[in-house]
Participant: 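Here it is, the structure in full.
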Amino acid sequence: MLSIESITGSIQDFLFANLPGFFAVLVQFALVGIFVISLFAVLGLVLVFMERKVSAYMQIRVGPNRVGFKGTAQTLADTLKLVLKEGLTPIGADKFLFNLAPFVVMIGAMLLMAPIPFARNVQIWDVNIGVLYISAISSIAVIGILMAGWASNNKYSLLGAMRSGAQIVSYELSAGLSIIAIVILSGSLQLSEIIASQENGWWIFKGHVPALIAFVIFIIAVTAETNRAPFDMAEAESELTAGFHTEYSGMRFALFFLAEYVNIFIACAIGATLFLGGWLPFHIGSWTAFNHIMDYIPSSIWFMGKTFFLIFIIMWFRWTFPRLRIDQLLNLEWKYLLPISLINVLIMTIIAILGWHF
Amino acid sequence: MMDATTVIFYILAALILGSGMLAVSTRKIFRAAIYLLFSLTGIAGLYFWMQYEFLAAVQIIVYVGGIVVLIIFSIFLTQTSGMDMPAALKSRKLFAALAVICGFLLTATQISQHGFVGSGIQAADTGVRAIGHAMLNTGEGGFALPFEVVSILLLSAMIGCIVIAIKNPERS
Amino acid sequence: MSFIKEYIRTVYRAVSSLLKGMKLTGYYFTHHKEIITQNYPENRDTLNLPERFRGEVVLTHNEDNEHRCTGCTACELACPNGTIKIITQFDVNEEGKKKKALNTFIYHLELCTMCNLCIVACPTDAIKMAQNFEHSVYDRSKLTKTLNAPGSKLMEGVE
């Protein structure tokens, strides 16, 4: 059967057979880089289109339906427009930091791609600190946002950046704690081992109610961390025009826009890996025939399906709930999510020690 | 000829030192914070280079995600932080340069005179599991006591923060 | 313990209200027949505008080219932004009496906000709101319209 694993394997064999080791590794680096960048571009196009369609149907509209087949080329046209637009730098801006900020945000998102298992044995870097690496790197994005807000020399941008900073720093806690709940269950930080531990059932089913609570908290926290409505305080169109990226235009704005969607993808991919078994197919106990049919679906389809399901849920949030005020936002984190997830981790530890999970 | 890892080391070292230099020499306070960030990220990169991933991740979480964000927040909340800071006095610059050169020479001579003989001790297992076991181990080579002492220190710091930040209903 | 009870109740209430909202948007997402927007340029012939949609002010004429406007200028006075300008003249009737009558009903579409105040003010129901909305022209002066048709006169019996 043709799978991504066999393709990458044959590329590896071909390179090492025809090139000296050092150059083969170099070519592999280049290939991985091209893969990540093209994945970014494709994700940006697909997710923006998906968002616009989902929002349209939820608001009883049709959405983009003109360019291309049923409007599918709409985002391509929008990207072309953004590329052709002039990238202005305000006179009062700190030019170096202003131009650097979108790249910092983007590089943060790119680094997060590394440990994600896209399919069976397809992973750029199976680092042994897996989820810790992810929570570490995701804190770089906030620096990019703070940089953009400051360098724009604009009050709206600064306010947006400060809100975003407060928000990301506080929601990182409950996101981390809900990840830790799963780490306790699987006994490893490495993403491949976490998936391997779900061979006989996904953690959301095996981990009883605490896993479910951790999952809900994780989804809420990553929605906040990626600055999406109802937590889009950093942008808050009606209050801050566009928050930290008010002054950005053209390609640099497109980078921020793209980074937002890529971050959503990564957050949902992590969620799918931790709670929904990553690329593992869906199995029900001893239904051998059913399990066999499920095994025929390629692992990459499973992974993408789960990830896009979570992305859909996050979009569903966005187009249902009104934006929170900043004090409500911090109340939600410090008075509800954090205590609940702390208690949840405690319960999870007891479950893991006593072996109550399946 | 240098191999690739050496080249990467020198790139990282240049990044760390260069951004460190810029951090102290720039007159824009926000830029100083950003250069400091680059320097600290470079150190994390050095840990990654040594394949000590756990420490690298902790370096990023603590310094990039915590301390630099804190510094940036305090800069945001400071008045006139957008203006250039006054240039340092000439004499101060001179003495700072002297101190740096002396320190550099001292370290350089120390390093060049030290033999660096391989000790033959097995390198520590840097896996997360090994670190975790060592951290909570009460037996030989365990760090349970320092770990608990540090957690008590952090707890007292947290309680202190709450005491400072809490609203006194009588006074307000 | 009542504190914890209250806390849990708050969480429960919050979650259930959020789910209620998600249920509604989820319903709309899956039921495409609920969509209320229309495919405008394609369905121009079958366009179905809501009853209360206001496009522009028109002066109604019957088949004998008669309108109901007496030239009382109530609409002109009611208009908040000077959209309507009524030019009146004095007709002399059979009895030799002078009577105020409409000469030209000038309507500045480019200034109109479709607020409906003129329609409400009109004592003789002479003007009404039409649903035509394709107003774009290349010359702004084309938006200044004369509403009374040439040669039209006041309908019998309208005072």
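Everything numeric in this text was worked out from a predicted model, so none of it was measured. A note on names: the letters A, B, ... follow the listed sequences, proteins ahead of strands, and every chain is numbered from 1.
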Participant: Would you call the rings of Y57(A) and F29(C) parallel, tilted or perpendicular, where under 30° means parallel and over 60° means perpendicular?
Facilitator: perpendicular

Participant: Crowded around Y40(C) OH? As in, over 12 foreign heavy atoms under 6.0 Å?
Facilitator: yes

Participant: What part of V216(A) gets within 4.5 angstrom of chain C, counting heavy atoms only: side chain, backbone, both, or neither?
Facilitator: neither

Participant: Tell me which of these, V11(C), L18(C), V15(C), has more heavy-atom pairs under 4.5 Å with chain A than the rest.
Facilitator: L18(C)

Participant: Are more than 12 heavy atoms from other residues, nucleotides or ligands located less than 6.0 Å from atom CZ of R140(C)?
Facilitator: no

Participant: Under 4.5 Å, counting heavy-atom pairs only, tell me which of T37(C), I35(C), I36(C), N39(C) racks up the most with chain A.
Facilitator: I35(C)

Participant: Using modelled atom types only, decide if a donor and an acceptor are shared between the side chain of Y28(C) and the backbone of R61(A) within a distance under 3.5 Å.
Facilitator: no

Participant: What part of L24(C) lies closer than 4.5 angstrom to a heavy atom of chain A: side chain, backbone, both or neither?
Facilitator: neither

Participant: Quick check on F321(A) against chain C: is it the side chain, the backbone, both or neither that has a heavy atom closer than 4.5 Å?
Facilitator: side chain

Participant: Give a yes or no on this: more than 12 heavy atoms of other residues, nucleotides or ligands lie within 6.0 Å of atom CZ of F133(C).
Facilitator: yes

Participant: Which answer fits T10(C), side chain, backbone, both or neither, if we ask what part of it has an atom under 4.5 Å from a heavy atom of chain A?
Facilitator: side chain

